[in-house]
There are 2 protein chains.
Amino acid sequence: MAEQISELLRKNQLSVTDNRKKILELFLQSDSALAHHDIEARTKEKFDRVTVYRTLQTFMDRGIIHTIPTADNSVKYALCKDSCEQGHHHDDHVHFICSSCGTTTCLEEIHIPEIKLPRGYKTKQTEVVISGVCKLCS
Amino acid sequence: MAEQISELLRKNQLSVTDNRKKILELFLQSDSALAHHDIEARTKEKFDRVTVYRTLQTFMDRGIIHTIPTADNSVKYALCKDSCEQGHHHDDHVHFICSSCGTTTCLEEIHIPEIKLPRGYKTKQTEVVISGVCKLCS
DNA sequence: ATATATTATGCAACTTTGTTGCAATTTTAG
DNA sequence: CTAAAATTGCAACAAAGTTGCATAATATAT
């Protein structure tokens, strides 16, 4: 995996640093989305808080991760495996938040339906976040 | 309007206070959603920050307002006129964020399509947030 | 209309979250 | 291996959100 991670960083023209490798590793190991807090908690003995903020921002800028909005002021971040492999970002899938276990996941196979807006509105991006009970909890 | 506001508070079994009246008035006067920050800014000469937090929480609990998730950690609150008139809460409409003027609005006439999830997932609520350019900006 | 009980508010102190500038370190490229 | 470029940690801040408690305002029952 170490090589896969370095590869991903190089492909995005980023220096390969311990911090970035560690954070990417966290995303690759996790099958659910991570909040800033989660990442900070799992890296704090090694890296500064500020570095985590900056790294997430950098990954966002390069399209390596994307955000998932939630209704409680707690943005989560996720790596879209497929998109990332291609090196460009498409974030047209549904996100799911389990109210039982609290995890947020990308349902990459469920794509977002087109929604017609009133005359005059122009759609750039549509976000769908479904909350309920996930496969494992039900 | 003053009477309409007091009525709404009483209907929800809430004491009618200056603070609550003022915040409800802000929502009724605004045709777009408000962030905590907006409300604080428009009431700070009169009311404490803490009171604003508590009032918004109370209104949430009673279903007078609902949150609109955004991808940048800035939850907005909106009064759903129709729902509130009925005294119960249904939040099944699309939300729109204009990337030009920054306003967030409820498109109450656009209802959310049903989205089929994989076997095992149970849907409780579906949130749709569309970003783009609004009627006024285009 | 008024006293009393109930509820809401303000204040102070605090925790958490996010930001910025700069010096020191690490990484990359030659 | 060295110089240039980029990243990181630190310190100091700013902003956002929380909690307990005394005071003030509102509602309720005479």
Side-chain angles (χ1 to χ4, degrees), chain A residues 2-3 5-27 33-62 64-65 67-77 102 104, chain B residues 2-3 5-27 33-62 64-65 67-77 102 104:
Chain A
E3 192 42 48
I5 288 171
S6 302
E7 188 58 30
L8 181 52
L9 287 170
R10 275 192 225 101
K11 192 159 53 186
N12 286 281
Q13 284 140 28
L14 293 173
S15 309
V16 179
T17 67
D18 288 351
N19 168 61
R20 289 175 180 162
K21 283 191 284 186
K22 178 63 183 170
I23 291 183
L24 271 187
E25 190 186 314
L26 287 180
F27 277 113
L34 301 172
H36 173 93
H37 181 84
D38 300 327
I39 296 166
E40 197 181 311
R42 295 183 208 175
T43 59
K44 70 164 163 255
E45 68 289 337
K46 300 193 67 166
F47 306 108
D48 193 80
R49 258 158 38 77
V50 177
T51 304
V52 175
Y53 280 107
R54 291 198 272 227
T55 300
L56 291 175
Q57 187 56 56
T58 301
F59 286 177
M60 284 287 294
D61 293 345
R62 303 300 164 116
I64 297 174
I65 59 176
T67 54
I68 303 167
T70 68
D72 67 337
N73 254 337
S74 71
V75 164
K76 301 219 171 176
Y77 300 89
T104 300
Chain B
E3 190 43 47
I5 288 171
S6 301
E7 188 58 31
L8 182 52
L9 286 170
R10 274 192 227 100
K11 191 158 56 185
N12 285 281
Q13 284 140 29
L14 292 173
S15 310
V16 178
T17 67
D18 289 352
N19 168 62
R20 288 175 182 162
K21 283 192 284 186
K22 177 63 182 170
I23 292 183
L24 271 187
E25 190 187 314
L26 287 179
F27 278 114
L34 300 172
H36 173 93
H37 181 83
D38 301 326
I39 297 165
E40 197 181 310
R42 296 183 207 175
T43 60
K44 69 165 162 254
E45 68 290 338
K46 300 193 66 166
F47 305 108
D48 195 79
R49 259 158 39 77
V50 177
T51 303
V52 175
Y53 280 107
R54 291 197 271 226
T55 300
L56 290 175
Q57 187 56 56
T58 301
F59 286 177
M60 285 287 295
D61 294 346
R62 302 299 163 117
I64 297 175
I65 59 176
T67 54
I68 303 168
T70 67
D72 67 338
N73 252 338
S74 69
V75 163
K76 300 218 172 177
Y77 300 90
T104 300

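A note on names: the letters A, B, ... follow the listed sequences, proteins ahead of strands, and every chain is numbered from 1.
Going from atom CG of A/D38 over to atom P of C/dT16 covers 15 Å, rounded to whole Å. Rounded to an integer number of Å, the gap from CG of B/D48 to P of D/dT19 is 15 Å. Protein atom NZ of B/K22 is 16 Å distant from nucleotide atom P of D/dT26, rounded to whole Å. Note: NZ (B/K44) to C1' (D/dA16) measures 14 Å, nearest angstrom. Rounded to a whole Å, the CG atom of A/L14 is 14 Å from the C1' atom of D/dA5. Between A/F47 atom CZ and D/dC10 atom C1' the separation is 16 Å, expressed in whole Å. Atom pair B/R10:CZ and C/dT7:P shows a separation of 17 Å (rounding to whole Å applied). Between A/I23 atom CD1 and D/dT7 atom P the separation is 13 Å, expressed in whole Å.
Around the CD atom of A/E3, the shell of radius 6.0 Å holds more than 12 heavy atoms that belong to other residues, nucleotides or ligands.
Both A/N19 and B/N73 lie close to DNA chain D; mapped to their nearest nucleotides by heavy-atom distance, the more 5′-ward contact belongs to A/N19. Remark on DNA chain D: of its neighbouring residues A/K46 and B/S15, the 5'-side contact belongs to A/K46, judged by nearest-heavy-atom nucleotide.
Residue B/H37 places none of its side-chain N or O atoms closer than 4.0 Å to OP1 or OP2 of D/dA15. A/T17 has a side-chain polar atom (N or O) that falls below the 4.0 Å cut-off from OP1 or OP2 of D/dT8.
Donor-acceptor pairing under 3.5 Å, judged by distance alone, is present between the side chain of B/R54 and the base of C/dG10. For C/dG18, its base sits under 3.5 Å from the side chain of A/R49 at one donor and acceptor pair at least.
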Apply the test side-chain contact (heavy atoms from CB on, under 4.5 Å) to residues A/R10 and A/V16: give CA-CA distance (whole Å), side-chain angles for both, the deciding distance (0.1 Å), then the verdict.
CA-CA 7 Å; A/R10 275 192 225 101; A/V16 179; 4.1 Å; yes

Report the C-alpha distance between B/T55 and B/F47 in whole Å, list the side-chain angles of each, state the deciding distance to 0.1 Å, and finish with yes or no for side-chain contact (heavy atoms from CB on, under 4.5 Å).
CA-CA 11 Å; B/T55 300; B/F47 305 108; over 6 Å; no

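If you check every strand for non-hydrogen atoms under 4.0 Å, A/R20 touches sugar and phosphate atoms only.
When side chains are defined from C-beta on, B/K46 does not count as touching B/D18, because their heavy atoms never get closer than 4.5 Å.
Taking the side chain of B/T51 as heavy atoms from C-beta on, and the options C/dT27, C/dT19, C/dG10, the nearest nucleotide is C/dG10. The A/V50 side chain lies nearest to C/dT19 when the options are C/dT28, C/dT19, D/dT26.
In this structure a side-chain-to-backbone donor-acceptor pair under 3.5 Å is present from B/T70 to B/S74.
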